[in-house]
Structures are given as C-alpha cells and as structure tokens.
Amino acid sequence: MRKRPRSDASRQYVVTGHYEPPADVPRPASAPRRRRRMPRWAWIALIVAGVALLVAAISLIVSLVMNGVQLLTARPPGVGTAFVAPDESKAARAAAAGGSVDELAAAAYLAAQPTAYWLTPEQDPIGAVGQRVLDIAHEARESDTALAVVVYGLPGRDCGNHSAGGLDEADYATWTTQIGNALRSVRDVKKVVVVEPDSLALAPQCGNVAERVEQLRGAIGRLTGTDTWVYVDGGHSNWLGADAMADLIRQVVGPGVRGFATNVSNFNDTYDEFDYAHTLSERLGGLHALVDTSRNGSGAPADDEWCNPPGRTVGDPSGTYGDDVVDTNLWIKPPGESDGPCNGGPAAGVWWPAGAVELTRDAPR
C-alpha cells in the first residue's frame, strides 16, 4: 500500500487498484421509481378476451361431446323406421291443384305416403338445393321421422334416355357439395341418401364405367356425414346379374357407404329383390341394402316393360320389411311420376294423374 502524491483529505488510499470514495462524501440519492399502472381499457380487453376463450373452449367441448353421442346413438334405417312424406312432393302439389274426384283421391293418398324426395338440378338448382334439403329436414324433425332423398343430377344422366340431363363436372361438384353441407348441418335428423339410381348398372351400356366410378366416388365423399346412410345404385334382379353388378359396386364403395339400393323405379317382386340383395351382399363383404317397393304391388310385367307398364299397383309401405342384409324397404320412386313419354305417359318425372289413379286403384282410401 502506498500513498499518492499531494496529501489531500479528499483523497484516500488506492487498495489493489480499487477506488473507495471518502466515507464522508454522501452517495447520490437515486430517484424514486414510479410503478406504471395498466389502463382500465386494457384490463377490460383482457377480461373480454378471457371470457371469449372460455366460451370457445366450452363450445368446443360441447360440440365434441354431442358429435360423440350422435355417432354412438346413430342407427341405420330398419323395419319400423318412419320416413317423412315431403310437403314438396309432386303428389302433394297435385292434390292441392285440383282435378277429378279420382285424381284428387289418388294424389292425396300418395302425398300422405312416406316417400323419397328426388333432388334434381332442373327442379332444385345450385343455390336452391341446400334450402330444399333444410326444408325437408325441418319437416322430418317436426314429425319425428327420417329424411330420404335421391341425388339425381350427374353429368350424362341416364345416358341420353328419357331422364337425360344433369350437370357438367364442375357444377355437379358444387351442387353435391351444397347438398352435403345441408345434410351435415341437421345432425339431429336421420338421413337416407340414394345416390344416382341406374348410374352404375347403365355404365357398361353407356361405355363410361371409369368416368362414372370417379364421379360417384367424388359425390359420395361430398355427401357423407353423421347419421347419413348412403346407398349406391344396385340395379335390380332382372338386369346385369349379381357378379357384374358386384364388380361395379365394389369400385365405388368406401367410407360412408352403407350399401346399395335395388329395384329403384322398377316393379320386381319384393321376395326376388331380397334374394338378389343377399346374393350381392355376399359378394361385397356384407354390404346392406334398400329395396324399392313403391310400384311392385303387382310384380313385374311379363314382357319386362319398364316404362309406365300398365296394370301396376303400389307396393308395401316404407319400413315394412327388412332382415340382416336388407335394412328395410322404401318408396324410392314416387308413384304417379312418369317414367317417360311411353304407354301414354308424359315426360320423365312429370306428374301423371291417370297413372296415379291406376297405381292406387287397390289402395285403401
């Protein structure tokens, strides 16, 4: 330790290079620190954000629980399933439009029967089809019944035959997307969807199997959802045969497909269609089926005529029959709507009063 030159009372010794200020020199007082307070609006914003997050979390949990419950409780259609009789049906419109006593009685009877509603782009176009589905779903909810619709609008529909028409590829995707969105929005309603009758069975004759398969697989993907039971075209017992039909169905089935629909718009006996459905199911790993009984009360005509054959009558009501393969029977083709301009009928899908009277001649009134 050594003393610096110039003895000065204000100086002190330097110890190992560290300077110590004189003991009698006061340290400068530091300014008091002021705590910044968060503005009231910021507190309010935090509280609001927290409440919003809490509500969102609760909503998500409730939605997940409800989805889980719906998936667990969803049941396919079966014997005793009650289907809605749509107020939008052509039979209902005919009953309200007037006519002869017999015509009005036939229309009123058919309007009261649970029957599938056919969604077509000609009647329910893009922009309107979703609301149509919601309207029918509302009727089903109010009557505690299941909804049944037929999607019928794919490109090149019916291969240019009596029911020719449909949409192009892009519009078909939009149209079926709108149908699917509407179906998924009514989770509390059981929904049966028959996808494009005749599309697969006609494909070999039309020469467009690969194209049809791609179109149908796309549509199925857009239509599936909770408690929605999708059935693809299964032809009928007097058409392609089980092996050929199974090969076609196998190419389109996947997640969301319950099975296939047979006898749509045809007249074959219910027993024959059940037997055919079992044969098809064996080849398809146990797929289920629906059978159309809307106009098979007198069986198929001897000449196998399919376009407005005379002498036909309505069949057993929807939900009457079923077994371990056939979920149930359903009126898929609405009786009273023409098959086409043949045997005295108007264009395909148009209400035919005389045809309705004949089909219901033995029905209870």
Minimum-distance pair of heavy atoms, taken over all atoms of A107 and A95: CB-N, 3.7 Å
More than 12 heavy atoms from other groups under 6.0 Å of CD on E214: no
Path from V194 to L287 over hydrophobic side-chain contacts below 4.5 Å: no
Audit row: R295, D339, salt bridge (charged side-chain N to carboxylate O under 4.0 Å, His left out) steps and yes/no: CA-CA 12 Å; R295 305 186 299 176; D339 294 321; 3.0 Å; yes
D188/R141 salt bridge by N-O under 4.0 Å criterion: yes
Test log, rule salt bridge (charged side-chain N to carboxylate O under 4.0 Å, His left out), inputs D243 and R283: CA-CA 8 Å; D243 288 333; R283 287 158 172 74; 2.5 Å; yes
Within 6.0 angstrom of R217 CZ, more than 12 heavy atoms from elsewhere: no
Sole residue of N268, N266, N263 in side chain to side chain donor-acceptor pair (under 3.5 Å) with N238: N268
Heavy-atom closest contact (A219 atom, Y172 atom, distance): CB-OH, 3.6 Å
Partner residues of W306 under the ring-ring contact (aromatic ring centres under 6.0 Å, His included) criterion, sequence neighbours left out: H162
Nearest-0.5 Å distance, CD1 of residue I136 to OG1 of residue T145: 11.0 Å
Stepwise side chain to side chain donor-acceptor pair (under 3.5 Å) check, T226 with R187: CA-CA 6 Å; T226 302; R187 299 178 180 177; 5.2 Å; no
Lys/Arg N to Asp/Glu carboxylate O, R132 vs D135, below 4.0 Å: no
Short N-O contact, R258 and D327, less than 4.0 angstrom: yes
Pairing of K333 and D292 as salt bridge, 4.0 angstrom limit: no
Inter-residue atom distance L134.CG - L147.CG, 0.5 Å rounding: 10.0 Å
Within residues 96-125 or reaching into it, pairs that qualify as ring-ring contact (aromatic ring centres under 6.0 Å, His included) - sequence neighbours excluded: W118-Y152
